[in-house]
*Asks:* 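Got a structure here, written out as structure tokens. Questions coming.
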Amino acid sequence: MHQFTVEPMFGSAGWEAAGFNIAFTNSAMWMVIAAVVLWMFMLGGMKRQLVPGRWQMAVESFTGFIDNLVEANIGKEGKKYVPYVFSLFMFILFANLLGLMPLGLVGVHPFTFTSHFTVTGVLAIMSFAIVLIVGFWKHGLHFFSLFVPKGTPLVMAIIIAPIEFISFLFRPFSLALRLFVAMMAGHVLLEVLSSFVISGWGAGLGFGVLVGIPSFVLMIAICALEILVSGIQAYVFALLTSLYINDAEHLH
């Protein structure tokens, strides 16, 4: 499972600050790469030409897509959240796609940092923090009414409120877990299939034909599926974030 191993880069293994290891890891490096590639993608598509080129149309399509997503789930007042949700969606999308690149230079291979729960957990906590800040900023202590559906009898409210509260606390966990599991499972499956291909051909021509070729074909199909999953998971993360923000904006 070498592809999931977090390793220090550029001789930074011994870097420490206040007793904590602050080594610059391959995970951090690919976060930087994803951010730089995303910045270049946005920069190249913000020329604002009267007749937009393909690059500009791609950027405008993504921004329009997220703008419609946020407006549909939050409403007109959700415009102020578009930059955050858009950045979240694009960062996760680029991270997922870069991790699927079949490249390997000087011993450095693509690293899917969204396959680590610590990374997806931080992204989920950021979204959850925004929900809490918006909820208490706009509604004060009335924000706790989110845990009691309108019109619920008092007897039922005593039972429902703790359940809703626990469900609310599990939101960041489920948000992070969904992305983490989807990306890790896909890469593990590719790892298993690739081992079948290598082992099949290593065992001889007969095993290569019976095991290696079908595994290789299936591997190509799984790669195509992983590309689709990369986009879906970025969309789901952005969608659930906007829905959670909507709960904070509009108490029912």
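In this text, all values refer to a predicted model and were calculated from it rather than measured experimentally. Numbering starts at 1 and runs along the sequence shown.
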*Asks:* Can you name the nearest heavy-atom pair linking Ser27 to Phe111, along with the distance?
*Replies:* CB-CE2, 3.6 Å
*Asks:* Roughly how far, to the nearest 0.5 Å, is the CE atom of Met90 from the CH2 atom of Trp39?
*Replies:*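 Separation between the atoms: 15.0 Å.
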*Asks:* Output, in order, the C-alpha distance, side-chain angles, deciding distance and verdict of side-chain contact (heavy atoms from CB on, under 4.5 Å) for Leu132 and Phe143.
*Replies:* CA-CA 9 Å; Leu132 293 177; Phe143 179 64; 4.2 Å; yes
*Asks:* For a side-chain contact (heavy atoms from CB on, under 4.5 Å) check, start with the C-alpha distance between Leu239 and Ser242, then their side-chain angles and the critical distance, and finish with the verdict.
*Replies:* CA-CA 5 Å; Leu239 174 64; Ser242 63; 4.3 Å; yes
*Asks:* Compare every heavy atom of Thr120 with every heavy atom of Leu179, then report the nearest pair and how far apart it is.
*Replies:* CD2-CG2, 3.6 Å
*Asks:* Any chance you could measure Phe113, atom CZ, to Asn26, atom CG, to the nearest 0.5 Å?
*Replies:* 11.5 Å
*Asks:* Show, in sequence, the C-alpha distance, side-chain angles and deciding distance for Val36 and Met40, and conclude whether the side-chain contact (heavy atoms from CB on, under 4.5 Å) test is met.
*Replies:* CA-CA 6 Å; Val36 171; Met40 293 173 61; 4.0 Å; yes
*Asks:* Which residue pairs satisfy the salt bridge (Lys or Arg N to Asp or Glu O under 4.0 Å) criterion with at least one member in residues 34-44, sequence neighbours excluded?
*Replies:* none
*Asks:* Who clusters with Val155? Use side-chain heavy atoms, under 4.5 angstrom, across I, L, V, M, F, W and Y, and order the result by chain and number.
*Replies:* none
*Asks:* Mark yes when over 12 heavy atoms from residues, nucleotides or ligands other than Phe170 sit less than 6.0 Å from its CZ; otherwise mark no.
*Replies:* no
*Asks:* Measure the spacing between CG of Leu38 and CD1 of Ile92 and express it to the nearest 0.5 Å.
*Replies:* 11.5 Å
*Asks:* Below 30° counts as parallel, above 60° as perpendicular, anything between as tilted: where do the rings of Phe173 and Phe117 land?
*Replies:* perpendicular
*Asks:* Give the minimum heavy-atom separation between Val131 and Ala248, together with the two atoms involved.
*Replies:*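 That would be O-CB, 3.4 Å.
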*Asks:* Around Leu141, counting heavy atoms of other residues, nucleotides and ligands shown, do more than 12 lie under 6.0 Å from its CG?
*Replies:*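 No, the 6.0 Å shell around CG holds no more than 12 heavy atoms from other groups.
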*Asks:* Taking only distance into account, with no hydrogens and no angle test, what donor-acceptor pairs under 3.5 Å do side-chain atoms of residues 228-238 form with protein atoms, sequence neighbours excluded?
*Replies:*
residue: Ser230; atom: OG; partner: Glu226; partner atom: O; Å: 2.8

*Asks:* Check for me, please, whether Ile133 and Ile74 land in the same ILVMFWY cluster - side-chain distances under 4.5 Å, paths through other members count.
*Replies:*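 No, Ile133 and Ile74 fall in different hydrophobic clusters.
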*Asks:* Determine the interplanar angle of the Phe62 and Phe41 rings, folded into 0 to 90°, and report it as parallel if under 30°, tilted if 30 to 60°, perpendicular if over 60°.
*Replies:* perpendicular
*Asks:* Is it the case that more than 12 heavy atoms not belonging to Phe136 sit under 6.0 Å from its CZ atom?
*Replies:* yes
*Asks:* Please report the closest heavy-atom contact between Pro172 and Ala124, naming both atoms and the distance.
*Replies:*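 Reported closest heavy-atom pair: O-CB, 3.3 Å.
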*Asks:* Are Ile158 and Leu146 connected in a single hydrophobic cluster, I mean Ile/Leu/Val/Met/Phe/Trp/Tyr linked by side-chain heavy atoms less than 4.5 Å apart?
*Replies:* no
*Asks:* Side-chain donor-acceptor pairs under 3.5 Å in residues 78-89, sequence neighbours left out?
*Replies:*
residue: Lys79; atom: NZ; partner: Asp67; partner atom: OD1; Å: 2.8
residue: Lys79; atom: NZ; partner: Asp67; partner atom: OD2; Å: 2.8
residue: Lys80; atom: NZ; partner: Glu77; partner atom: O; Å: 2.8
residue: Tyr81; atom: OH; partner: Glu249; partner atom: OE2; Å: 2.4
residue: Tyr84; atom: OH; partner: Ser127; partner atom: N; Å: 3.3
residue: Tyr84; atom: OH; partner: Ser127; partner atom: OG; Å: 2.8
residue: Ser87; atom: OG; partner: Pro83; partner atom: O; Å: 2.7

*Asks:* Any salt bridge (Lys or Arg N to Asp or Glu O under 4.0 Å) pairs touching residues 170-185, not counting sequence neighbours?
*Replies:*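 Those involving residues 170-185 are Arg171-Asp247.
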*Asks:* Linking directly or through intermediates, with side-chain heavy atoms under 4.5 Å: list the remaining ILVMFWY members grouped with Ile160, chain and number order.
*Replies:* Met156
*Asks:* Does any part of the side chain of Asn96, heavy atoms only, come nearer than 4.5 Å to the side chain of Leu100, both counted from C-beta?
*Replies:* no
*Asks:* For the rings on Phe168 and Phe128, is their centre-to-centre separation under 6.0 Å?
*Replies:* yes
*Asks:* Hydrophobic clustering (ILVMFWY, side-chain heavy atoms < 4.5 Å, transitive) - are Ile125 and Phe91 grouped together?
*Replies:*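 As far as the 4.5 Å side-chain criterion goes, Ile125 and Phe91 are not connected within one cluster.
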*Asks:* Between Val148 and Glu164, is a side-chain contact (heavy atoms from CB on, under 4.5 Å) present by the stated rule, with each step listed?
*Replies:* CA-CA 7 Å; Val148 182; Glu164 289 290 331; over 6 Å; no
*Asks:* Measure the shortest side-chain to side-chain distance between Ile166 and Leu169 over non-hydrogen atoms and say whether it is less than 4.5 angstrom.
*Replies:* no
*Asks:* Examine Val32 and Trp30 and state if one hydrophobic cluster contains both, with Ile, Leu, Val, Met, Phe, Trp and Tyr joined whenever side-chain heavy atoms are less than 4.5 Å apart.
*Replies:*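 Yes; Trp30 is reachable from Val32 via cluster members.
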*Asks:* So Met31 and Val119, do their side chains get closer than 4.5 Å, heavy atoms only?
*Replies:* yes
*Asks:* What distance separates Thr241 OG1 from Leu175 CG, expressed to the nearest 0.5 Å?
*Replies:* 5.0 Å
